[in-house]
Amino acid sequence: MNITVKVDGTSYTDEVEPRTLLVYYLRETLGKTGTVVGCDTSNCGACTVLLDGRSVKSCNVLAVQADGHEVTTIEGLADGETLTPVQEAFRECHALQCGFCTPGMIMQATDLLATNPSPTEDEVRVGMEGNLCRCTGYHNIVKAVLQASGQPASSGGEQA
Amino acid sequence: MRPFTYERATSVADALRRTAGASREGERTAYLAGGTNLIDHLRLGIRETDRLIDVSHLDLTEVTELEEGGLRIGALARNADVAAHPLVRRTFPVVSAAMLAGASGQLRNMATMGGNLLQRTRCVYFQDLSTPCNKRDPGSGCSAIEGLGTYNALIGTSDSCVAVHPSDLCVALAALDVTVVVEGPLGERRIDFADLHRLPGDRPERDTTLERSELITAIEIAGPGFARRSRYRKLRERASYAFATVSVAAALEVRDGQVADVRIGLGGVSHKPHRALRAEEVLRGGPATHEAYAAAIAVEMEQARPGPDNGYKVTQLRRAVPAVLSALTEETA
């Protein structure tokens, strides 16, 4: 089936098999490997992208479902060398260790702050619950999301 | 994933026509809405289809007020939108709370109301293709009865199946007066929510009483008005991002220290969302006290048949139900 999808600002038209998952379309057809495959079964959130501005797990969406819609991946956030506040905060707070979950974390944090610009620490933890990180214990990730929201990140610091 | 064809229905009637046509050809079909559960199952091989009929573009997303404070929610309204909807939050807070207790932000952005009602059990054996499961492969046997029983049902089990219904939303709906509006080949059908899901009996492969090709178009929630005071509590093995071991949805009206009316839905206990009718009966007209609440859930639990691994669920419910009702009582005072 032919689909037309706007990905990170560029419109693409491609022939895809109906069973193609969105994440594989992004990675293998478009070469957008910034979006990673983690668990492949909608658990870990590493493959999170925005579909019409709202976060989804791209291993849990068919490419044909994105036909006629707009997708934003981790590769479409920064404006040239200028990072978004979420990206900048992840860098400053060192909100990663191995970095594999980071694209999904940043996309979900972007969605979270779009719907709740000043979340409490608790709201950050709940809002990020669909994203798993096996390295950090989430400590610096929560700090980064709070910092990106313009709030003092210290409140995120005490609860490991 | 096994290959399938994909097509988009242009109307409810068109969706029904496509399914009927496929049926005549001996082809299997599946409706696709948000797909959060279905796509995982197609991927894992739990389910196969020949034709995927996408209904997600149909105009069934609105939340509208009904007479006397009820709400009609389109079957394709996204879980995230319904949970955040001001009317839902004000009128039936338990519905919003239950939805937010389920899945994750990403899945709630895709998942629909109708799909939530039709999500399938998370029984570990149902999801493990290497083990027998009567629900996945009728007649093959039930691995959960003799296997890991931690998550098994307490009430209404059969020799064929001991799985529980996984939805949080449905526990809240079980506590309210809900009608599921369905379109089928013979027109519209209205199903009491209590009659939508079924106990396993000897046909555990059937989760609901829906007929082949029927499509849920809306969910209507009528009163009771006192559901403005309602709560959802979910117990699970970790604080977030897990299915319930048990859950409680409750609405309570207290007048002069007496229970004027009460509704209790229980999750994690049965093949269908369980309404605790026996406990409600015991409570109505009686004292609105923690002791009375504890006695009522004890009566409800008399029908529970726990195995060696899941007796803890009875304990959890005997603590959680009085706690939720007491919290609602304090809210009323």
Side-chain angles (χ1 to χ4, degrees), chain A residues 1-3 16-24 37 39-69 104-105 107-116 119 122-132 138 159, chain B residues 1-8 30 32-57 76 78-81 83-84 97 100-112 115 119 122 127-129 234 236 238-243:
Chain A
M1 175 179 169
N2 246 318
I3 61 168
V16 297
E17 258 198 276
R19 62 177 166 169
T20 308
L21 296 172
L22 178 59
V23 67
Y24 290 107
V37 180
C39 68
D40 213 8
T41 47
S42 74
N43 281 298
C44 78
C47 66
T48 299
V49 299
L50 305 184
L51 182 61
D52 293 337
R54 303 172 69 168
S55 64
V56 299
K57 296 186 177 182
S58 61
C59 77
N60 189 231
V61 175
L62 298 171
V64 290
Q65 287 178 285
D67 181 30
H69 296 275
M105 286 286 177
M107 298 316 287
Q108 180 58 17
T110 302
D111 176 279
L112 170 64
L113 295 179
T115 45
N116 183 2
D122 238 24
E123 287 168 342
V124 171
R125 288 180 181 276
V126 171
M128 303 293 291
E129 75 179 321
N131 292 72
L132 305 181
Y138 304 98
Q159 191 181 328
Chain B
M1 206 184 313
R2 295 282 176 91
F4 46 80
T5 61
Y6 170 87
E7 57 208 280
R8 267 179 211 146
L32 175 70
T36 53
N37 199 209
L38 176 63
I39 292 169
D40 274 352
H41 285 176
L42 290 170
R43 256 196 50 63
L44 295 167
I46 293 172
R47 174 142 187 205
E48 290 178 13
T49 188
D50 300 306
R51 291 169 63 175
L52 197 56
I53 300 172
D54 189 346
V55 296
S56 67
H57 299 80
L76 292 170
R78 306 280 173 175
N79 282 188
D81 294 335
L100 292 174
S104 59
Q106 291 99 316
L107 263 60
R108 292 193 297 270
N109 281 339
M110 280 304 282
T112 64
Q119 64 177 301
R122 296 285 166 159
Q127 304 200 81
D128 179 355
L129 293 183
K234 178 176 184 175
R236 41 188 164 179
R238 54 177 185 243
S240 79
Y241 201 42
F243 284 85

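Just so it is clear: chains get the letters A, B, ... in the order the sequence lines come, proteins before strands, and each one is counted from 1.
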In sequence, state the C-alpha distance, the side-chain angles, and the governing distance for A:Lys57 and B:Asp40, and then conclude on salt bridge (Lys or Arg N to Asp or Glu O under 4.0 Å). CA-CA 11 Å; A:Lys57 296 186 177 182; B:Asp40 274 352; over 6 Å; no

Exercise: identify the closest heavy-atom pair between [X] and [Y]:
{"X": "B:Leu100", "Y": "A:Glu129", "value": "O-OE2, 4.4 Å"}
{"X": "B:Arg43", "Y": "A:Asp40", "value": "NE-O, 2.8 Å"}
{"X": "A:Arg54", "Y": "B:Ala80", "value": "NH2-CB, 3.4 Å"}
{"X": "B:Asn109", "Y": "A:Ser55", "value": "ND2-O, 2.8 Å"}
{"X": "A:Glu17", "Y": "B:Pro3", "value": "OE2-CB, 4.4 Å"}
{"X": "B:Tyr241", "Y": "A:Cys44", "value": "OH-N, 4.4 Å"}

Quick one: pull up CG in B:Leu52 and CG in A:Leu62 and give me the separation to the nearest 0.5 Å.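 One finds 6.5 Å between CG of B:Leu52 and CG of A:Leu62.
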
If you round to the nearest 0.5 Å, how far is OG of B:Ser56 from CD of A:Gln65?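 One gets 6.5 Å once the value is rounded to the nearest 0.5 Å.
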
Which residue out of B:Asp54, B:Leu38, B:Leu32 racks up the most heavy-atom pairs below 4.5 Å with chain A?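 Greatest number of close heavy-atom pairs with chain A: B:Leu32.
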
Relative to chain B, which segment of A:Leu112 carries a heavy atom at a distance below 4.5 Å: side chain, backbone, both, or neither?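 Neither the backbone nor the side chain of A:Leu112 comes within 4.5 Å of chain B.
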
Measure distances from A:Val61 to the heavy atoms of chain B and classify the residue's part below 4.5 Å as side chain, backbone, both or neither.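 Backbone plus side chain of A:Val61, per the 4.5 Å heavy-atom cut-off to chain B.
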
Is the closest side-chain donor-acceptor distance between A:Thr48 and B:Gln106 under 3.5 Å?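 Indeed, the side chains of A:Thr48 and B:Gln106 share at least one donor-acceptor pair under 3.5 Å.
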
Would you check if there is a donor-acceptor pair between the side chains of B:Thr36 and A:Asn60 at a distance under 3.5 Å?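 No pair is found: no donor N or O on one side chain lies under 3.5 Å from an acceptor on the other.
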
[X] portion near chain A, given a 4.5 angstrom heavy-atom threshold:
{"X": "B:Arg2", "result": "backbone"}
{"X": "B:Leu42", "result": "neither"}
{"X": "B:Ala239", "result": "neither"}

Any side-chain heavy atom of B:Met1 sitting closer than 4.5 Å to one from A:Thr20?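 No; the side chains remain at least 4.5 Å from each other.
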
Does the pair A:Met1 and B:Thr5 meet the rule for a side-chain contact (heavy atoms from CB on, under 4.5 Å), with working shown? CA-CA 9 Å; A:Met1 175 179 169; B:Thr5 61; over 6 Å; no

I'd like to verify something: which residue of A:Asp111, A:Asn43, A:Val126, A:Thr115 has the highest number of heavy-atom pairs under 4.5 Å with chain B?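 Top option by heavy-atom pairs under 4.5 Å: A:Asn43.
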
